[in-house]
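All remarks here apply to the structure that follows.
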2 protein chains.
Amino acid sequence: MNLNNETFFKMLSDNTRLRALMLMQRMGELCVCELTHALNLSQPKISRHLAQLREYEIVDTRRDGQWMYYQINSQLPAWALGVLQQTSSGIGETEQFFSDFSVLNDMIKQTKASCCS
Amino acid sequence: MNLNNETFFKMLSDNTRLRALMLMQRMGELCVCELTHALNLSQPKISRHLAQLREYEIVDTRRDGQWMYYQINSQLPAWALGVLQQTSSGIGETEQFFSDFSVLNDMIKQTKASCCS
DNA sequence: AACATATATATGGTTTAACGTATATTGTAA
DNA sequence: TTACAATATACGTTAAACCATATATATGTT
């Protein structure tokens with residue numbers, strides 16, 4: 001794939017996108033409503049940021065019925081995957097991100113199945 | 001030190017700053033005129049971007065006479081240094097960056113000493 | 001002191017990015 | 001076909017980033 005460095009870092013430079021990516025990095029694929037809930041942000045806001053990540057092929061998507069699942073694009077160059085990995089292990093335990101994970105995990109436990117109520 | 005993730009990636013998301021950082025990553029400390037020459041950009045433009053990098057403590061500086069030397073801040077959190085390292089090894093050989101290194105190396109050879117003519 | 005070199009900052013204009021709100025699309029189920 | 005749930009997009013506004021040009025500061029030299 002063809003990744004532009006500047007674009008790649010621009011995608012990481014917004015906190016909403018970074019939080020979403022960190023969740024995907026750790027949890028694998030996630031649907032929009034899971035992200036919306038975990039990050040506690042409006043659906044259009046999440047959706048617009050995810051559209052950008054998809055446009056630049058940082059993530060790829062899979063539709064399952066009404067749900068659209070997003071995950072980090074495994075075809076990214078190794079160095080870019082490394083950056084995401086390094087970032088995740090470096091900041092995954094900071095308050096902000098730790099809280100995101102908790103909210104998401106609680107949600108998953110409650111609904112038993114994968115997605116929103 | 002206290003590094004904000006969003007800010008860190010914002011600093012990497014501009015091509016001028018990224019090119020400068022990649023040069024510092026590989027070459028160690030560099031003065032403004034070396035960067036100006038290697039990147040072939042106007043002095044105020046370089047200077048403004050370096051000021052941002054310094055403001056957010058991505059780089060630190062050392063004055064030597066008229067020259068101001070910039071280098072990557074070794075006090076950055078390990079994950080951030082890792083990101084820079086990973087990025088450097090991942091994109092250092094792409095055309096743009098390779099060319100920057102060549103120009104800088106030619107310059108250093110010519111002037112024998114460290115800095116500008 | 002006067003001047004030159006290296007670097008930094010200020011100003012004003014232009015472009016890009018983000019946001020909230022409203023609305024459209026797509027799929028499912030009755 | 002109507003209704004609903006999940007997701008995507010459009011529109012208008014606000015804020016932030018970047019740039020080129022001009023000017024200021026700091027250091028060194030004569």
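We name chains A, B, ... by the order of the sequence lines, and we start the count at 1 in each one. Only a predicted model underlies this, so the values are computations on that prediction, with no experimental measurement involved.
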Can you check whether [X] has a side-chain N or O nearer than 4.0 Å to OP1 or OP2 of [N]?
X: Arg48(B); N: dA17(D); answer: no
X: Gln52(A); N: dA18(C); answer: yes
X: Tyr70(A); N: dA8(D); answer: yes
X: His49(A); N: dA17(C); answer: no

* Residue mapping more 5' on DNA chain C - nearest nucleotide basis, Leu50(B) or Lys10(A) -> Leu50(B)
Rounded to the Å, how far apart are [X] [atom1] and [N] [atom2]?
X: His37(A); N: dA5(D); atom1: NE2; atom2: C1'; value: 16 Å
X: Arg17(B); N: dA16(D); atom1: CZ; atom2: C1'; value: 12 Å
X: Arg62(A); N: dG27(C); atom1: CZ; atom2: P; value: 15 Å
X: Leu53(B); N: dA17(D); atom1: CG; atom2: P; value: 13 Å
X: Gln43(A); N: dC19(C); atom1: CD; atom2: P; value: 14 Å

* **Side-chain donor/acceptor of Thr87(B) to backbone N/O of Val83(B), under 3.5 Å** =>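 Yes.
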* Measure the acute angle between the ring planes of Phe9(A) and Trp79(A), then classify it against the limits of 30° and 60° as parallel, tilted or perpendicular. => tilted
* Asked: Under a single-linkage definition using a 4.5 Å side-chain heavy-atom cutoff for Ile, Leu, Val, Met, Phe, Trp and Tyr, are Ile91(B) and Val103(B) assigned to the same hydrophobic cluster?
  ->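 Different clusters: Ile91(B) never reaches Val103(B) through Ile, Leu, Val, Met, Phe, Trp or Tyr contacts under 4.5 Å.
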* To do: Could you tell me whether Arg48(A) and Glu55(A) make a salt bridge, using a distance below 4.0 angstrom between a side-chain N and a carboxylate O?
  => no
* Asked: With a 3.5 Å cut-off and just heavy-atom distances, do the side chain of Gln66(B) and the base of dT5(C) make a donor-acceptor pair?
  -> yes
Which nucleotide, [options], lies nearest any side-chain atom of [X]?
X: Asp14(A); options: dA18(C), dT7(D), dA8(D); value: dA18(C)
X: Val32(A); options: dA8(C), dT7(C), dA8(D); value: dA8(D)
X: Pro44(B); options: dT21(D), dT21(C), dT7(D); value: dT21(D)

